Asks: 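First, the structure itself, so that you have it in front of you.
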Number of protein chains: 2
Amino acid sequence: MTMSKHCNYLQVLKRNSVDPTPLREAVLRSIAEQTRPLAATEIMAAVQIRTSINKVTLYRILDLFVDKGLVKRLSAGDRAFRYGMGETHHHQDHAHFVCTRCGVMECLEPELFHMDVKKLHIKGKRIINHVDVRFEGICENCRE
Amino acid sequence: MTMSKHCNYLQVLKRNSVDPTPLREAVLRSIAEQTRPLAATEIMAAVQIRTSINKVTLYRILDLFVDKGLVKRLSAGDRAFRYGMGETHHHQDHAHFVCTRCGVMECLEPELFHMDVKKLHIKGKRIINHVDVRFEGICENCRE
DNA sequence: TTCTGAGTTGCAACTCAGTTGCATATATAT
DNA sequence: ATATATATGCAACTGAGTTGCAACTCAGAA
Ligand SMILES: [Zn+2]
Ligand SMILES: [Zn+2]
Ligand SMILES: [Zn+2]
Ligand SMILES: [Zn+2]
C-alpha cells in the first residue's frame, strides 16, 4: 500500500499529466506515504510540517488528483472524505474498514475481498463503473 | 422496498419503542413510502407538504430512528446522507446504486448482491459489524 | 384541579468540510 | 520585455448537520 520513501513523486505527477509543483509533490507524498486514507485536515497537517499550504490550494490539488485518477476520494460514513492512492499496477483496488468508535479508516488486503465490476452489468439498464465496499466495526486498537 | 400506504406507522413506532408523535409518524411515512433512500432535505420537503417541521426536529427524529434501527443512514459518496428503511423480515439488507451524474441513490434487489458479514471475522483482530456496498455509475434516466 | 417533571419541538447561533470569487504570484511563450 | 496561462492565497460563502436553551405537551402526583 505504501509507496517507497524514495519514490520520485515529480515523475509520478508528470506521468499523470499533472504539472509538478512543490505543493503538489508534498500533497502526493503525504498521501502516498500512508498505510491508510487520510482526511483533508490530516493531509493538511502532514504537509504543514514541511511547507506552508492554504486549505483552498489543498482542496484544489486533491480535486485535481482525483480527477486524474491519481488519488481516490472515499467516504467513511462520516462527513469528511478520505483520500487514498488510486489504483495502479502495484496498487490494487481494495475494500476499506472504518472503526465506528475512533473513526479511523483502514485499507483491507485486496485478497480479502474482490469483486469484478465487469460482471455486474446485470439488472436494469444502469451502467456500473465502480463498486465501493466499506466494512464497519471496531478496530484492533479500540477493542482494548 | 416500499411499505403499504395503509401501514400503521404509529404501531411501527411503538413496536420500536419510539413514542409516537405526529411529526415522527410523518417522517417515518415519508421515508417508508419511497422506493429509494432520501436526503434529509427531501424528507423535509415531503413532510412539509402536510405538516410544518423544523429542520432540527427532523434531524433529531432521524437520529432517533437510526438509533432504534428503524432507519438506516447511508452515505452516497457526496456530502449528504440518505435515509432509508432499516432491515426487517420483509425488508432485507441490500446494496445501493448512486448515479454520478444526477446523484440519485437507488436500492438494488437484495438477490443481486449479498454478503454474509458473519463469515468475515477473518484477517486481523477487527470486529466487523456491517458491510456497506455502493455501486456507482450512470442511472437509467441519465443514459438518455 | 393544579403542580411537577420527563419528553418533544422550535429558534438562533454555531460547527465543520468544502467551495467561490477575485487578487496576486509564478511560469511559459512570443 | 510583454503577454498569456497556470498556480496559489485570502476572505467570504455554502450546505448539512449540531448545540444550547426556551417554550410547549402531556402523564402522573398532590
Ligand atoms: Zn477504532
Ligand atoms: Zn485503501
Ligand atoms: Zn442519473
Ligand atoms: Zn435501500
Side-chain angles (χ1 to χ4, degrees), chain A residues 9-10 13-14 16-31 37-48 50-68 70-84 98 100 103-105, chain B residues 9-10 13-14 16-28 30-31 37-48 50-68 70-84 98 103-105:
Chain A
Y9 295 109
L10 292 175
L13 290 172
K14 282 180 205 155
N16 286 269
S17 47
V18 171
D19 271 5
T21 71
L23 286 181
R24 287 172 180 176
E25 190 193 4
V27 171
L28 184 58
R29 156 171 285 122
S30 300
I31 297 171
L38 299 182
T41 47
E42 295 175 299
I43 299 171
M44 187 81 179
V47 173
Q48 296 277 25
R50 327 193 124 260
T51 333
S52 137
I53 187 173
N54 182 276
K55 73 168 179 164
V56 178
T57 306
L58 171 59
Y59 281 117
R60 282 196 282 234
I61 291 174
L62 290 173
D63 285 352
L64 175 67
F65 286 0
V66 169
D67 216 68
K68 299 288 184 185
L70 200 52
V71 159
K72 210 174 222 173
R73 196 198 317 268
L74 302 158
S75 51
D78 58 18
R79 336 218 61 258
F81 291 116
R82 307 299 144 100
Y83 302 87
V98 176
T100 48
V104 80
M105 177 179 259
Chain B
Y9 296 107
L10 293 175
L13 290 172
K14 281 178 204 154
N16 287 270
S17 47
V18 171
D19 271 5
T21 71
L23 286 181
R24 287 171 182 179
E25 190 193 3
V27 171
L28 184 57
S30 300
I31 297 171
L38 299 181
T41 48
E42 295 175 298
I43 299 170
M44 189 82 178
V47 173
Q48 296 278 25
R50 326 194 123 260
T51 334
S52 137
I53 187 172
N54 181 276
K55 73 169 181 164
V56 178
T57 307
L58 172 59
Y59 282 116
R60 282 196 282 234
I61 291 174
L62 290 173
D63 285 352
L64 175 66
F65 286 180
V66 169
D67 216 68
K68 298 289 183 185
L70 200 51
V71 159
K72 209 174 225 174
R73 197 197 317 265
L74 302 158
S75 50
D78 57 18
R79 335 216 60 257
F81 291 117
R82 309 297 144 99
Y83 301 87
V98 176
V104 80
M105 177 180 259

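The sequence lines fix the lettering, A, B, ..., with proteins before strands; numbering per chain opens at 1. None of these values were measured; they are calculated from a predicted model.
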Asks: Can you give me the N/O atom pairs linking the protein to nucleotides 28-30 of chain C at distances under 3.5 Å, or say none if there are none?
Replies:
none

Asks: Do any side-chain nitrogens or oxygens of N54(B) fall under 4.0 Å of OP1 or OP2 in dC11(C)?
Replies: yes
Asks: Starting at CD1 of I43(A), measure out to CG of L28(A) and round the result to the nearest 0.5 Å.
Replies: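 I43(A) atom CD1 to L28(A) atom CG measures 10.0 Å (nearest 0.5 Å).
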Asks: Residues of residues 16-26 of chain A with any non-hydrogen atom less than 4.0 angstrom from an atom of DNA chain D: list those, numerically ordered, please.
Replies: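 Contacting residues: D19(A), T21(A), L23(A), R24(A).
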Asks: Does N54(A) reach the main-chain N or O of V56(A) with its side chain, forming a donor-acceptor pair under 3.5 Å?
Replies: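 Yes, the answer is positive, given that a donor and an acceptor are paired below the 3.5 Å cut-off.
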Asks: Starting at CZ of R50(B), measure out to CG of L23(B) and round the result to the nearest 0.5 Å.
Replies: 13.5 Å
Asks: Of all the heavy-atom pairs spanning E25(B) and L13(B), show the shortest one and how long it is.
Replies: N-CD1, 3.8 Å
Asks: Tabulate atom names and distances for all N/O pairs under 3.5 angstrom spanning the protein and nucleotides 13-19 of chain D.
Replies:
unit_1	atom_1	unit_2	atom_2	d
dA16(D)	O3'	R79(A)	NH2	3.0
dG17(D)	OP1	F81(B)	N	3.0
dG17(D)	OP2	Y59(B)	OH	2.6
dG17(D)	N7	K55(B)	NZ	3.1
dG17(D)	O6	K55(B)	NZ	2.7

Asks: What is the distance, rounded to the nearest whole Å, between atom CG of L13(A) and atom P of dT6(D)?
Replies: 17 Å
Asks: Tell me the closest heavy-atom pair linking P37(A) and L74(A), and the distance in Å.
Replies: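 That would be CG-CD1, 3.6 Å.
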Asks: Just how far is it from atom CG of D63(A) to atom CZ of R73(A), taken to the nearest 0.5 Å?
Replies: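 Output value for this atom pair is 5.0 Å.
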Asks: Looking at OG of S30(A) and CD of Q48(A), how far apart are the two atoms once the value is rounded to the nearest 0.5 Å?
Replies: 10.0 Å
Asks: Would a distance-only check, ignoring hydrogens and angles, find a side-chain to backbone donor-acceptor pair under 3.5 Å from R24(A) to D19(A)?
Replies: yes
Asks: Report yes if the side chains of V98(B) and R82(B) come closer than 4.5 Å at any heavy-atom pair, otherwise no.
Replies: no
Asks: To check you understand the geometry: which heavy-atom pair defines the closest contact between N16(A) and K68(A), and what is its length?
Replies: O-CD, 3.6 Å
